[in-house]
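Structure first, commentary second.
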2 protein chains.
Amino acid sequence: MANIQQVAEKAGVSVATVSRVLNHAASVSTKTRLKVENAIKELNYEPSMLGRNLRNSESRLLLVLLPSISNPFYTEIINGIQNTAIANSYNILLCETDSNPQRENIYFNMIKNKLADGVISMDPTVNRQKLTELAESHPVILCSEYDEGGSVPFVTIDSELAAYQAVKHLIRLGNKKIALINSDEKFLYARQRRSGYERALKEFDLPIREEWIYHTRDLEFQNGVQAMRMLLELEEKPTAVFAVSDTLAIGALKGINGSGLHVPNDLAIIGFDNISFSNMTNPTLTTVSQPMYKMGVTAANMLIMSIKGEQVESVVLDHDLIIRESTMG
Amino acid sequence: MANIQQVAEKAGVSVATVSRVLNHAASVSTKTRLKVENAIKELNYEPSMLGRNLRNSESRLLLVLLPSISNPFYTEIINGIQNTAIANSYNILLCETDSNPQRENIYFNMIKNKLADGVISMDPTVNRQKLTELAESHPVILCSEYDEGGSVPFVTIDSELAAYQAVKHLIRLGNKKIALINSDEKFLYARQRRSGYERALKEFDLPIREEWIYHTRDLEFQNGVQAMRMLLELEEKPTAVFAVSDTLAIGALKGINGSGLHVPNDLAIIGFDNISFSNMTNPTLTTVSQPMYKMGVTAANMLIMSIKGEQVESVVLDHDLIIRESTMG
DNA sequence: AATCATTTTGTAATCGATTACAAATTGCTG
DNA sequence: CAGCAATTTGTAATCGATTACAAAATGATT
């Protein structure tokens, strides 16, 4: 790869002039510009991001942190981020953290080191303190999961309300025994969704029974299968299940297969996220749809504003209840 | 963020000495090393990747190109790559190309510009010429999809054989009318899987009928649904279907629901990839399992060897036929 | 204490770009 | 064509690290 020196030499000008051509400075005469452009073409030259970034403290690269790419929930969000980034001449790099603080740290360092201009974190278990610290001096936006009462701007939905509405839908269908398949309540969204679940039950004077609340370790299908098996072993079985993620709900659906029970006649199920799989199951899955693409777009716009030094406000977007076969008894 | 100058000043030594401490050079006395380490701690200093990379032409970052993160097929491969990379003090960045040559180009430039040390491409529609060109001067490994007769090292499976075995399995079950849901044959794997399909049919003197071969535009569920609908409208319907990806097979399964036909009694289905969802469908999906994690590990090891300047040989890994309910009539 | 070998540290060039400032060129005007 | 302003180009410092080489400090030996 040629460097700027060689281009300058070939064009018979100084490196400063080449740099000016590269940056479309107005003060270059047409004649020299053409000379330089030819030299660039001949040498197949492309400017080094490294040299440029070192000097400019700008990389036009955005980092997107996510715990795992295996959850399809992130797919559409990333599309939104990516399209918005590209429209603003930024590129994105996806960083899978596996919720491992050490890995997170490596990516935080990329930001500190100007290898990237900002970060959108979708990792719920992120090291709070490190992140807040980073956010003091660098652009950071949280997406989906956020820090209650924290200072880092976020974009999310009203999980409590969504859960409340989902459970209310189950109650309206006549269900009185409603189970909750929740993830670990160290996550804010898990606490919020539980809270919405309880609010709906209370409103209709239904009891909150601990044995109908199951906590899973992860959000994989298998965790949902396991949860459902436990619920089906109870003496008093629920007649409906609200799972806090589609992956869990799909696993639960699987757990019911072969038990002789029928969805939705014996047991109604609602998921959360509206991942593309949720429409492929048999029966198809009723679920809460998050505006994932829009979340991505919003987060990216917020980050880019933040990089420009503008103030940004957190945003709460609307959700939808998508009613499908798993609750159409 | 403090820089190396400030650390040197605080420790009362030269920048060279600080650099030596950072790089664990043997020639630093214990006394000065301690002074420097204290200064580093006090200033909360972390070396700039940018300065280091510019000087060293090394970033210890690997790029992983993939067309879309929405296909779960890539998930396990990436796990393998990531774990191997970390074990060798590398980090990975995922780059979603959407099979867009312009985007690809941006990431290729990151390699050329030393922002990353090498690239593993899983993008089948990659710009062949650009990639080969890049591979001449930079470490590149292809994973899964590769360039037949090309010079770029790859890791893959024997798609032709896998398809042959899958179709033979259908024939052994007594099927004589076997359809193929293939993707676009511009992809090498699509041509290879078709070839294996035809070899099996020929071996058992079964006719190859064009109307039983459907080509989809993408690998999304919806493409499989659509394909199945077309096949079910034929006068002479197939009794079995081999789909070249699980996503298509799952869509096909969905397409059969509501048609009154039963899987596997009326129609057997085989997919390809063994994505985690393939075990969640009802009935569960028979499929060809690729050693995805191992592919990732192998690709990463090959890339790291290549970065070290060693010669690497392409690898063909073993696959497995996983028999589940969709072919257990 | 002088000499020399060995260990430790510092000086300054380097990587590839950008840009403030200085210098050179161009074009006008009288 | 001298004089001056406006335009164009070049020089050299800079970003933050690494490292060859030089210089200084240390220690051993006589």
Side-chain angles (χ1 to χ4, degrees), chain A residues 1-40 43-61 109-117 137-138, chain B residues 1-40 43-61 109-117 137-138:
Chain A
M1 278 288 288
N3 63 16
I4 199 171
Q5 311 272 2
Q6 297 168 284
V7 174
E9 211 168 321
K10 174 140 229 152
V13 298
S14 71
V15 292
T17 302
V18 177
S19 177
R20 288 192 191 99
V21 172
L22 290 174
N23 294 287
H24 306 105
S27 74
V28 181
S29 72
T30 312
K31 207 170 58 180
T32 39
R33 186 163 47 72
L34 288 176
K35 273 197 301 183
V36 171
E37 281 168 353
N38 279 333
I40 288 176
L43 291 173
N44 213 357
Y45 164 80
E46 308 198 43
S48 155
M49 293 174 166
L50 236 35
R52 181 174 282 175
N53 294 358
L54 180 58
R55 177 64 215 220
N56 283 357
S57 298
E58 184 194 61
S59 63
R60 299 207 80 82
L61 246 31
N109 276 345
M110 285 185 64
I111 300 289
K112 287 192 201 159
N113 289 328
K114 311 284 176 60
L115 240 75
D117 295 344
S137 45
H138 299 273
Chain B
M1 277 286 290
N3 63 17
I4 199 170
Q5 311 272 3
Q6 296 169 284
V7 174
E9 212 168 321
K10 175 141 228 149
V13 299
S14 71
V15 292
T17 302
V18 177
S19 177
R20 288 191 190 99
V21 172
L22 291 174
N23 294 286
H24 306 104
S27 75
V28 182
S29 73
T30 312
K31 207 170 59 182
T32 40
R33 186 163 47 73
L34 288 176
K35 273 197 300 183
V36 172
E37 281 168 354
N38 279 333
I40 287 176
L43 292 173
N44 213 358
Y45 165 79
E46 307 198 45
S48 156
M49 293 174 167
L50 235 37
R52 181 173 281 174
N53 293 358
L54 179 59
R55 175 65 214 219
N56 284 356
S57 298
E58 184 195 60
S59 64
R60 299 206 81 82
L61 246 31
N109 276 345
M110 286 185 63
I111 300 289
K112 287 192 199 159
N113 289 328
K114 309 285 177 59
L115 240 75
D117 295 345
S137 45
H138 298 273

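FYI, side chains are in, hydrogens and waters are out, and symmetry mates aren't considered; it's all heavy atoms of this structure. Chain letters run A, B, ... following the sequence lines, proteins first and then strands; every chain starts at 1.
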Practice problem: To the nearest Å, give me how far apart CD1 (A:I40) and C1' (C:dG16) are. | Solution: 14 Å

Quiz item: What residues form a side-chain hydrogen bond (donor to acceptor under 3.5 Å, both in side chains) with A:S48, not counting sequence neighbours?
Solution: none

Practice problem: With rounding to the nearest 0.5 Å, note down the distance linking CG in A:L54 to CG in B:N53. | Solution: 10.0 Å

Practice problem: Check each residue of residues 26-37 of chain A for a non-hydrogen atom within less than 4.0 Å of any atom in DNA chain D, then write out the ones that pass by number, or none. | Solution: A:S27, A:V28, A:S29, A:T32

Practice problem: Report the distance from atom CD of A:E58 to atom P of C:dT19, rounded to the nearest whole Å. | Solution: 10 Å

Quiz prompt | Estimated bend of the helix from C:dA1-D:dT30 to C:dG30-D:dC1 (axis per five terminal pairs, rounded to 10 degrees) | solution = 60°

Practice problem: Could you tell me which residues satisfy side chain to side chain contact (heavy atoms under 4.5 Å, CB included) with B:A25, sequence neighbours excluded, listed by chain and number? | Solution: B:R20

Exercise. Nearest whole angstrom, please: distance from the C1' of D:dT19 to the NE2 of B:H24.
Key: 17 Å

Self-check item: Nucleotide C:dT19, atom C1' - distance to CD1 of A:I4 in whole Å
Solution: 11 Å

Quiz item: Which atom names give the shortest non-hydrogen contact between B:V15 and B:I4, and what distance separates them?
Solution: O-CD1, 3.8 Å

Quiz prompt | Partner residues of B:R55 under the salt bridge (Lys or Arg N to Asp or Glu O under 4.0 Å) criterion, sequence neighbours left out | solution = none

Quiz prompt | CG on A:N109 to NZ on A:K114, rounded to 0.5 Å | solution = 13.0 Å

Quiz item: Base, sugar-phosphate, or nothing: which does B:V13 touch, judged by heavy atoms less than 4.0 Å apart?
Solution: sugar-phosphate

Exercise. Any chance you could measure A:M49, atom CE, to B:L50, atom CG, to the nearest 0.5 Å?
Key: 11.5 Å

Exercise. Quick one: label A:N53 by what it contacts on the DNA or RNA (base, sugar-phosphate, nothing), any heavy atom closer than 4.0 Å.
Key: nothing

Practice problem: For B:M49 and D:dT18, give me the distance from atom CE to atom P, rounded to whole Å. | Solution: 13 Å

Self-check item: Distance (rounded to the nearest 0.5 Å) between A:T32 OG1 and A:E37 CD
Solution: 9.5 Å

Quiz item: How long is the gap from OG on B:S14 to CD on B:E9, to the nearest 0.5 Å?
Solution: 12.5 Å

Quiz item: Within this structure, what is the CD-to-C1' distance between B:Q5 and D:dT18, rounded to whole angstrom?
Solution: 12 Å

Give me the distances for all protein-to-nucleotides 11-15 of chain C N/O pairs that come in under 3.5 Å?
from	atom 1	to	atom 2	distance (Å)
C:dT14	O2	B:R55	NH1	2.4

Practice problem: Could you grab the distance from atom CG of B:N38 to atom CZ of B:R33, nearest 0.5 Å is fine? | Solution: 11.0 Å

Practice problem: May I have the distance from B:L115 (atom CG) to C:dG16 (atom C1'), rounded to whole angstrom? | Solution: 13 Å

Quiz item: Any donor and acceptor pair, going by atom type alone, linking the side chain of A:N3 with main-chain N or O of A:Q6 inside 3.5 Å?
Solution: yes

Self-check item: Whole-Å gap separating C1' (C:dT18) and CG (A:L50)
Solution: 15 Å

